[in-house]
Amino acid sequence: MRHTARVFQSLERQAMRAKSTAFIGLGRMGSEMAFNFFSKTFAESPDTRFVVCDALPTSAITFRQNFMAQFPGAHIDIVLTPKEAVHASQTVLTMLPSSPQVQTVYSEANGVIPALQSLSAAELARSLFIDSTTLDVGIARGVAAEVTSAGAQMVDAPVSGGVTGAKAGTLAFLVGGTEGAFALSQPILTHMGGRIIHCGPSGAGLGAKICNNLVLGVQQIVVGEAMLLGQKLGLDSRILAGVINSSTGGCWASSVNNPVPYSLADKSPPCERNYEGGFATALMLKDMLLATDVAASTDSPLPLGKSAQNFYAETLRHRPDLAQKDFSSVYERLEQMGRED
């Protein structure tokens, strides 16, 4: 009888895990991504259960309250540790600040990997982990190797599109992992994004994201330099932006994220909201550091990348108030330097 009861409990847990998805990390990006995923999944399958977990329990409580206010019939549980999330859910998504937090969530005592040791072979085979953190490629590959060696599947799926894209559900996901893991993750990611790109094996998504942000970080500085120079030469900022955006200098940093207020007639970039609501300067510095670190380990020269990294770091030393502002706010540091000269 005791054996039968244990078998029944195991089957019951497997059935509950199969209907549940957990989201760990409810910061500015994660909360928007989770809201989109949960709402669209709930619309398709009202019996789906959701689990949320954050290092700040109040963030999970607030998220649950906001979601339940719009979807009162939904089932959302709050757990305090990643281990509990794994026990409750077959699919786990993580969106964390950087490498140290990923190591904590996945590898420490109450983390994902220790939790896998208590699952059956059948439960492991059905378990999928999707990490959208932008972090060190080597650490990401190491974590994924531990997860897959335990018997589960995992992809790295960093995003492009920022908070605006997360809120709108139009993110681009750059995915690294096996073909099988990508196939499992794709329908999940489509609830949060518009483009899902399989970049290659484990770590390839992160490699693509780091390269993309390397370009973006350099471009945003030089767009600021050009816009400031043009105005000092007597050019109207709208005219100058129009010239750049319709010429060979055109890029996202100018046409969408232009750092000069009211330079874009048909858009409202963060600079028009005191640089609020975009991609934080501190996060861009983190991504530039990731790029220069991986470049050093692969003997790849980054003369402009290193200079850009140094400029973001110098900006935050002189203007720490810009750390959480959109990274186009480096324009304010350029203006300050111009006045000092």
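We number each residue from 1, following the sequence as shown.
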Hey, mind stepping through T91 and F37 against side chain to side chain contact (heavy atoms under 4.5 Å, CB included) and telling me if it holds?
CA-CA 12 Å; T91 301; F37 176 73; 5.9 Å; no
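- Within the 3.5 Å criterion, the main-chain N or O of G250 finds no donor-acceptor partner in the side chain of S254.
- No more than 12 heavy atoms of other residues, nucleotides or ligands sit less than 6.0 Å from atom CZ of R195.
- Cluster annotation: L184 and V112 are assigned to distinct hydrophobic clusters (Ile/Leu/Val/Met/Phe/Trp/Tyr, side-chain heavy-atom contacts under 4.5 Å, transitive).
- Panel note: side chain E44, backbone T41; no donor-acceptor pair is recorded below 3.5 Å.
- Scanning all heavy atoms of the two residues, the minimum distance from A241 to S263 falls at CB-O, 3.7 Å.
- When the side chains of ILVMFWY residues are joined at heavy-atom separations under 4.5 Å, either directly or via intervening members, L334 and M284 end up in a single hydrophobic cluster.
- Following chains of ILVMFWY side-chain contacts shorter than 4.5 Å, one cannot reach L229 starting from V223, and the two form parts of different hydrophobic clusters.
- Screening K325, Q324, R319 against D321 for a side chain to side chain donor-acceptor pair (under 3.5 Å) leaves a single residue, R319.
- A donor-acceptor contact closer than 3.5 angstrom links the side chains of S127 and R17.
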Candidate pair K83 and V86, rule side chain to side chain contact (heavy atoms under 4.5 Å, CB included), full reasoning
CA-CA 5 Å; K83 187 174 184 178; V86 172; 5.9 Å; no
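- The environment of K40 atom NZ is dense: over 12 non-hydrogen atoms of other residues, nucleotides or ligands sit within 6.0 angstrom.
- Residues I188 and L128 form a side-chain contact, since some pair of their non-hydrogen atoms from C-beta on lies under 4.5 Å apart.
- Under 3.5 Å, the side chains of E123 and S120 contain a donor-acceptor pair of N or O atoms.
- Proximity of a side-chain donor or acceptor of E84 to a complementary backbone N or O of L80 within less than 3.5 Å is detected.
- Considering only heavy atoms from C-beta on, F63 stays 4.5 Å or farther from I78 through its side chain.
- Put simply, the side chain of Y275 reaches to within 4.5 Å of the side chain of S328, judged on heavy atoms.
- Of all heavy-atom pairs between Q153 and G180, the closest is OE1-C, 3.9 Å.
- In this structure the side chain of Y312 reaches within 4.5 angstrom of the side chain of I221, judged on heavy atoms.
- By the 4.5 Å heavy-atom criterion applied to side chains, V330 and L322 are not counted as neighbours.
- Looking only at atom types and distance, the side chain of Q336 has a donor-acceptor partner in the side chain of R333 under 3.5 Å away.
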Could you check V143 against F129 for side chain to side chain contact (heavy atoms under 4.5 Å, CB included), going step by step and ending with a plain yes or no?
CA-CA 11 Å; V143 168; F129 296 87; over 6 Å; no
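- Counting heavy atoms from C-beta on, the side chains of V79 and H87 never come closer than 4.5 Å.
- Of the possible polar contacts, none joining the D136 side chain to the L290 backbone as a donor-acceptor pair under 3.5 Å is found.
- In this structure, N213 CG and K286 NZ are separated by 9.0 Å, a value rounded to the nearest 0.5 Å.
- Between E335 and K232, none of the side-chain N atoms (NZ, or NE/NH1/NH2) sits under 4.0 Å from a carboxylate O, so this pair counts as no salt bridge.
- No side-chain donor-acceptor contact under 3.5 Å links S107 to the backbone of T104.
- Here the closest non-hydrogen pair linking S118 and A115 is OG-O, 2.8 Å.
- Considering all non-hydrogen atoms of both residues, P259 and P261 come closest at O-CD, 3.6 Å.
- For the pair Q70 (side chain) and N66 (backbone), a donor-acceptor distance under 3.5 Å is absent.
- Proximity of a side-chain donor or acceptor of R49 to a complementary backbone N or O of H75 within less than 3.5 Å is not detected.
- Heavy atoms only, all atoms of each residue included: A181 and V155 are closest at CB-CG1, 3.5 Å.
- Here the CE-CG distance, from M288 to L216, works out to 9.0 Å after rounding to the nearest 0.5 Å.
- Two residues are said to be in side-chain contact when any heavy atoms from C-beta on lie closer than 4.5 Å; H198 and Q186 fail this criterion.
- Distance check: C211 SG to D287 CG gives 11.5 Å after rounding to the nearest 0.5 Å.
- Closest non-hydrogen pair, S160 versus N212, comes out as OG-ND2, 4.1 Å.
- The cluster map of Ile, Leu, Val, Met, Phe, Trp and Tyr, joined by side-chain heavy atoms under 4.5 Å apart, puts I61 and L26 in the same cluster.
- A donor-acceptor pair under 3.5 Å is formed between the side chain of R64 and the backbone N or O of I76.
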Is there a side chain to side chain contact (heavy atoms under 4.5 Å, CB included) between V260 and L240 once you walk through the steps?
CA-CA 11 Å; V260 180; L240 178 56; over 6 Å; no
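- Residue L124 forms a side-chain contact (heavy atoms from CB on, under 4.5 Å) with just one option from L116, V147, T148, and that option is L116.
- With a 4.5 Å cut-off on side-chain heavy atoms, M192 and V159 do not count as touching.
- Between the CG atom in L171 and the OG1 atom in T190 there is a gap of 12.0 Å [rounded to 0.5 Å].
- No side-chain donor-acceptor contact under 3.5 Å links S20 to the backbone of M16.
- Here OG1 of T134 is found 6.5 Å from CG of L206. Values are rounded to the nearest 0.5 Å.
- In terms of modelled atom types and a separation under 3.5 Å, the side chain of R28 and the main chain of F279 share no donor-acceptor contact.
- Ring to ring, F38 and F42 are not that close: their centroids are 6.0 angstrom or more apart.
- Taking hydrophobic clusters as Ile, Leu, Val, Met, Phe, Trp and Tyr residues chained together by side-chain heavy-atom distances below 4.5 Å, I24 shares a cluster with L135.
- Aromatic ring centroids of F23 and F50 lie 6.0 Å or more apart.
- With values rounded to the nearest 0.5 angstrom, S98 atom OG is found 7.5 Å from I139 atom CD1.
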